Amino acid sequence: MILRALATIVLLALLALAFALPSTSIGRRGSEPGARRDVEGMLDPGRALPSFELVGLDGRPVSGDELRGAPLLLVLERSIDWCPFTKMRLLQLREAFADTPDLRIVWVMSEAQISPRTRIFIDELGLGARILFLADPKSRLIRKLGLLKPDPEPIEKGVPHPTTLLLDREGRVRFIDVREDYHIWLDPSTIARALQALESEPTAVGSPD
Amino acid sequence: MLRLRIYRVLLGTLGIASSVFGLALVMAFFAYQRPGSEPRIPTGPVGHYFVAFTGCALIGWAGGLIGAARDPFASRTVATTTAFVFALMAGVRMVAWGVGDYASWLGDLPRTEAILLLGLSIALVWLRPTVSECERASMTSRPHGSQSGSEAS
C-alpha cells in the first residue's frame with residue numbers, strides 16, 4: 001500500500017509537470033510580430049555593414065560583397081546543435097520564405113558552434129537548398145557588430161544575441177531586430193512586411209516597428 | 001468485481017494496440033527494403049533497423065499484456081512494469097516537447113501523449129490486483145491439499 005501511494009505521488013507530480021510545462025521557461029517560446037532593439041550595436045538603418053568575411057560549411061570563404069545584388073535576410077543566431085529555440089526559428093523561417101526565391105537567406109553562426117550535429121540537422125532536413133549557412137570565424141563579425149553575448153555559458157561560446165537584418169541590393173541595412181531573450185523570436189510575417197516595403201520603395205530606409 | 005473487469009479490459013486493449021502497432025513497425029521495415037520504396041517513417045536504413053527492433057519488442061510486450069488480461073492474478077508485475085514504462089515514455093515525451101527538432105514536427109502532441117500515458121500509468125497502479133488478491137487466487141486454484149504457507153495479508 002505504501003509503495004502504491006508513493007508511485008501515485010510520483011506519477012501525479014509528473015502529471016502536474018506535464019500540465020505546467022507551457023508556463024515554465026522551457027515552454028515560453030514562439031514568435032512575436034514586433035521588432036526589438038534590445039542591444040545597441042554598430043547597426044543603423046540606412047548604413048552598409050562593415051566589410052566582413054565568413055566561411056561556408058564547405059570551407060569556402062564568402063565576403064560581404066559577394067552577398068550583394070539581391071535583398072538579403074541576414075540572420076545571426078545561436079546554435080542549431082543544442083538550442084531548441086534556434087532550431088524552431090530556423091524551420092519556421094524556411095517554411096515562411098519557401099516561395100520567395102528573390103530573397104537570399106543567409107544564416108550565420110559562430111564557427112565555435114559548427115559541429116557534426118549541426119551538419120546532420122542541415123542535411124537531414126534539406127535546409128541548405130533554401131538557406132546559405134555560414135560560419136563566423138572567431139565570431140569576428142558578431143564582435144564587430146557588438147552582438148556578442150556577454151557572460152556566456154560554456155556551451156554558448158561565441159554566440160550572438162539573436163539578430164535579424166534585412167539588407168537591400170546595395171548592402172544597406174533596411175530592417176533590424178536584435179533581442180536578448182532567445183525564447184521569443186521575430187515573426188516571419190514582420191520580415192515579409194519589411195521585404196514588401198523594401199521592394200515597393202527601394203530607396204526608402206526602414207526602421208524597427 | 002468491477003475494478004478487475006476494467007483492469008482486464010484495459011490490459012487487453014493495450015495488448016491489442018501494442019501488437020498492432022508493433023506489427024505495423026515490423027511491416028514498415030520490410031516495406032522499406034523493397035527497391036525504390038518510399039519510407040513510411042521519415043528515417044533512413046539505420047532508423048528502420050531500430051524501428052523493426054521496437055516493433056518486435058512491442059509484439060513481445062503485447063503478449064505479456066494479453067496474458068495478464070486473461071489471467072490477471074498470474075502476474076501483477078506486468079501492470080507494474082507497464083506503469084513504469086509509461087511514466088518513462090511520458091518523461092521522454094516531455095523532454096521531446098522542449099526540443100525544437102520534435103516540437104516543430106509534432107507541435108503539442110508529445111505533451112498530450114505524456115498526460116495520457118501518465119493517466120494510464122496511474123490507472124494501472126490502482127487497478128492491478130493486490131498481493132493478497134493474487135495469493136488468494138493462487139491458493140484457490142491449487143489442487144486440494146497442496147496449499148502451503150502464507151495467509152493473505
Side-chain angles (χ1 to χ4, degrees), chain A residues 1-31 77-96 98 107 117-127 162 182-185 188, chain B residues 3 7 39 41-47 76-77 79-134 152-153:
Chain A
M1 194 63 193
I2 292 170
L3 282 176
R4 186 173 287 201
L6 277 175
T8 307
I9 290 168
V10 171
L11 291 170
L12 284 174
L14 281 171
L15 197 61
L17 178 64
F19 275 111
L21 268 178
S23 54
T24 61
S25 65
I26 296 170
R28 191 163 57 88
R29 64 186 182 201
S31 56
E77 266 288 0
R78 289 158 58 79
S79 167
I80 50 173
D81 177 338
W82 47 263
C83 181
F85 311 100
T86 309
K87 290 180 187 182
M88 287 185 77
R89 184 184 181 209
L90 170 59
L91 296 174
Q92 198 185 58
L93 208 61
R94 192 261 299 257
E95 194 182 332
W107 186 275
R117 274 169 57 120
T118 306
R119 293 171 195 275
I120 288 169
F121 186 76
I122 293 168
D123 292 344
E124 286 197 343
L125 294 169
L127 296 163
Y182 51 83
H183 296 94
I184 310 292
W185 55 88
Chain B
R3 177 172 66 86
Y7 174 73
I41 299 167
T43 182
V46 177
R76 59 199 290 277
T77 316
T80 311
T81 313
T82 305
F84 173 75
V85 168
F86 278 1
L88 194 62
M89 285 162 74
V92 168
R93 276 159 174 75
M94 282 194 273
V95 171
W97 181 84
V99 178
D101 312 41
Y102 308 106
S104 56
W105 175 41
L106 297 167
D108 206 37
L109 186 65
R111 197 174 68 87
T112 311
E113 284 179 348
I115 290 168
L116 183 72
L117 287 166
L118 288 167
L120 283 170
S121 190
I122 291 171
L124 285 170
V125 166
W126 283 97
L127 291 173
R128 69 184 174 161
T130 60
V131 175
S132 56
E133 282 171 340
C134 290
S153 57

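Quick caveat, the model's predicted, so the values are computed rather than measured. For the numbers below, each heavy atom of this structure counts, side chains included, while hydrogens, waters and symmetry mates do not. Chain identifiers are assigned alphabetically (A, B, ...) following the order of the sequence lines, protein sequences preceding nucleic acid strands; residue numbering begins at 1 within each chain.
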To check you understand the geometry: which heavy-atom pair defines the closest contact between P84(A) and G98(B), and what is its length?
CB-O, 3.2 Å

Considering heavy atoms only, which positions within residues 122-129 of chain B lie below 4.5 Å of chain A?
I122(B), V125(B), W126(B), R128(B), P129(B)

Applying side chain to side chain contact (heavy atoms under 4.5 Å, CB included) between L118(B) and each of V10(A), L12(A), L11(A), report the one that passes.
L11(A)

Please state whether the side chain, the backbone, both or neither of T130(B) comes within less than 4.5 Å of a heavy atom of chain A.
both

Going by salt bridge (Lys or Arg N to Asp or Glu O under 4.0 Å), name the pairs with one or both residues in residues 86-97 of chain B, residues two or more places apart or in two chains.
R93(B)-E113(B)

How many angstroms lie between atom CG of L17(A) and atom CE of M94(B), to the nearest 0.5 angstrom?
5.0 Å

Sequence neighbours left out, what passes ring pair (Phe, Tyr, Trp, His ring centres under 6.0 Å) with Y182(A)? Give chain and number order.
F85(A)

So how far is it from L117(B) CG to L14(A) CG, rounded to the nearest 0.5 Å?
11.5 Å

According to side-chain contact (heavy atoms from CB on, under 4.5 Å), who are the partners of T112(B), at least two apart in sequence or on a separate chain?
D108(B)

Once you round to the nearest 0.5 Å, how far does OG1 of T80(B) lie from CG of L3(A)?
9.5 Å

